[in-house]
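So the structure is just underneath, and the comments pick up after that.
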Amino acid sequence: MAAAELIRIVSRSSPMALAQVERVRTELAARHPGITTEVVPVTTSGDRWMGDLSELGGKGAFTKEVDAVLLAGDADLAVHCMKDIPADRPLPAGTVFAAHLARDDIRDALIHPGGLTLDELPEGTRIGTSSVRRTAQLAITHPHLRCVPMRGNANRRMEKMEQGEADALILAVSGMQRINEADRISDILPLDTMCPPIGAGVLGLQCREDDTATIEAVTPLNDPDTWRETTAERMLLHVLQGHCNSPIAGYAKAERDGRLSLRARVFSPDGKTVLDAHEWAGPLDPATLGTSVAVALLRQGARDVIDSIPH
């Protein structure tokens, strides 16, 4: 079998996405000094559109153009944030995730120009976010704050805040770290306050399933614990059939002794309904754990909550 000599990496063209590609290039170079990499940047419809994502078909708006480049053979590898990959539909036929890089911080962070923490924000503070997950949880813990719709990559959102469109932002810790803006974080939110999205902090490497040379090159970058956690989380989301407007949150945690836990929550958009499930598994298949936790939420009424939300 021929070894890969050149790997063309397709990615969204935002500063964060390109920083993520650089991490992949660095890890590939460390493992395979003989491989050359090229970047194929793509501006997706999700990046161009600043309205409600559901009008573009949900999270797939961030991935369909990238998938098309990969499937056309114009690139060999796609780098995705797993939180942006829809779980209510199958991967594009002919593609596979060959590796998941070691997971980054899964928590959310407050960005406030004055350095205030979330608990210090005064009543009426405008929080820039279009995340239904964040909005629902803030409605529970900090109902005196006001969420204002704001989309765009992290750099663009910070520009909008500086222009007065919001008083503060909530962004992913891992994202701020990837674009070297972690010093702008004023507060890192505990998981009990802001449960993360499915796939938080995980970069997935997608290949064509018949491209054995690229798969062989990138598979050594896979982190087994991250793969287990992501598999459990995505099966949970798949069974729940959550869409881009579904306030669903959750995270799995692989322990050193081999156990795996998964906590998940389903909210109504106003935060008045909260369903919670948390289970542990030993050698259980991660997908089985994800299914079990999803079933526990469905028993509590998750189907009615999810289906009542327009999308």
Side-chain angles (χ1 to χ4, degrees), residues 46 53-54 56-64 66-67 70-71 78 80-101 103 106 131-133 136 195-207 209 222-254 260-269 273-281 283-311:
L53 270 184
S54 62
L56 290 182
K59 290 183 176 182
F62 290 123
T63 60
K64 60 183 180 182
V66 172
D67 291 336
L70 183 65
L71 286 167
H80 291 292
C81 288
M82 293 307 297
K83 68 179 181 61
D84 293 331
I85 304 297
D88 57 347
R89 68 196 76 167
L91 284 179
T95 70
V96 64
F97 278 104
H100 296 91
L101 302 191
R103 193 168 210 166
I106 66 174
S131 164
V132 291
R133 172 188 61 88
C195 196
I198 300 303
V202 179
L203 296 181
L205 306 187
Q206 183 186 20
C207 308
E209 61 184 4
N222 185 64
D223 180 77
D225 283 346
T226 300
W227 176 83
R228 293 179 70 213
E229 293 170 357
T230 305
T231 299
E233 291 174 19
R234 286 184 56 76
M235 181 55 74
L236 163 94
L237 196 57
H238 174 70
V239 174
L240 290 177
Q241 287 292 290
H243 51 78
C244 69
N245 278 346
S246 304
I248 298 172
Y251 59 95
K253 175 65 176 172
L260 185 70
S261 67
L262 175 60
R263 179 175 186 181
R265 309 184 82 185
V266 175
F267 309 89
S268 60
T273 298
V274 183
L275 311 179
D276 203 327
H278 189 186
E279 295 187 12
W280 289 83
L284 191 67
D285 181 329
T288 303
L289 176 61
T291 300
S292 181
V293 173
V295 169
L297 289 166
L298 290 170
R299 288 196 191 104
Q300 297 176 46
R303 178 82 283 125
D304 289 341
V305 174
I306 294 169
D307 288 348
S308 68
I309 302 168
H311 70 287

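Proximity of a side-chain donor or acceptor of Arg228 to a complementary backbone N or O of Lys253 within less than 3.5 Å is not detected. Arg263 contributes no side-chain N or O that, together with a main-chain N or O of Cys195, makes up a donor-acceptor pair within less than 3.5 Å.
For Thr273, there are no side-chain hydrogen bond (donor to acceptor under 3.5 Å, both in side chains) partners at least two apart in sequence or on another chain. Looking at residues two or more places apart in sequence or on another chain, you find no side-chain hydrogen bond (donor to acceptor under 3.5 Å, both in side chains) involving Ser261. Partners of Arg103 under the salt bridge (Lys or Arg N to Asp or Glu O under 4.0 Å) rule, at least two apart in sequence or in another chain, are Glu229, Glu233. Contacts of Ala136 classified as side-chain contact (heavy atoms from CB on, under 4.5 Å), with partners at least two apart in sequence or in another chain: Pro247, Phe267. Asn222 meets the side-chain contact (heavy atoms from CB on, under 4.5 Å) test with Ala99, His100, Trp227; sequence neighbours excluded. Under the side-chain hydrogen bond (donor to acceptor under 3.5 Å, both in side chains) criterion, Ser246 pairs with His243, sequence neighbours left out. Residues forming a salt bridge (Lys or Arg N to Asp or Glu O under 4.0 Å) with Asp307 (at least two apart in sequence, or on another chain): Arg303. With sequence neighbours excluded, the residues satisfying side-chain contact (heavy atoms from CB on, under 4.5 Å) with Leu71 are Pro92, Thr95.
Side-chain contact between Val202 and Asp223 is absent, with no heavy atoms from C-beta onward closer than 4.5 Å.
Atom CD1 of residue Ile198 and atom NZ of residue Lys83 lie 12.5 Å apart, to the nearest 0.5 angstrom. One finds the CG atom of Leu203 at 10.0 Å from the OG1 atom of Thr226 (value rounded to the nearest 0.5 Å). Atoms CG and OG1, on Asp225 and Thr230 in that order, are 10.5 Å from each other to the nearest 0.5 Å. Here the CG atom belonging to Leu262 is positioned 12.0 Å from the CE atom belonging to Met235, to the nearest 0.5 angstrom. Once rounded to the nearest 0.5 Å, the distance linking CG of Leu70 with NE2 of His80 reads 7.5 Å.
The list of salt bridge (charged side-chain N to carboxylate O under 4.0 Å, His left out) pairs with a residue in residues 287-296, not counting sequence neighbours, is empty.
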Under 3.5 Å, side-chain donor or acceptor atoms of residues 291-302 against the rest of the protein: list the pairs with distances, not counting sequence neighbours.
from	atom 1	to	atom 2	distance (Å)
Thr291	OG1	Ala287	O	2.9
Ser292	OG	Glu279	OE1	2.6
Ser292	OG	Glu279	OE2	3.4
Gln300	OE1	Asp276	N	3.4
Gln300	NE2	Asp276	O	2.9
Gln300	NE2	Ala296	O	3.4

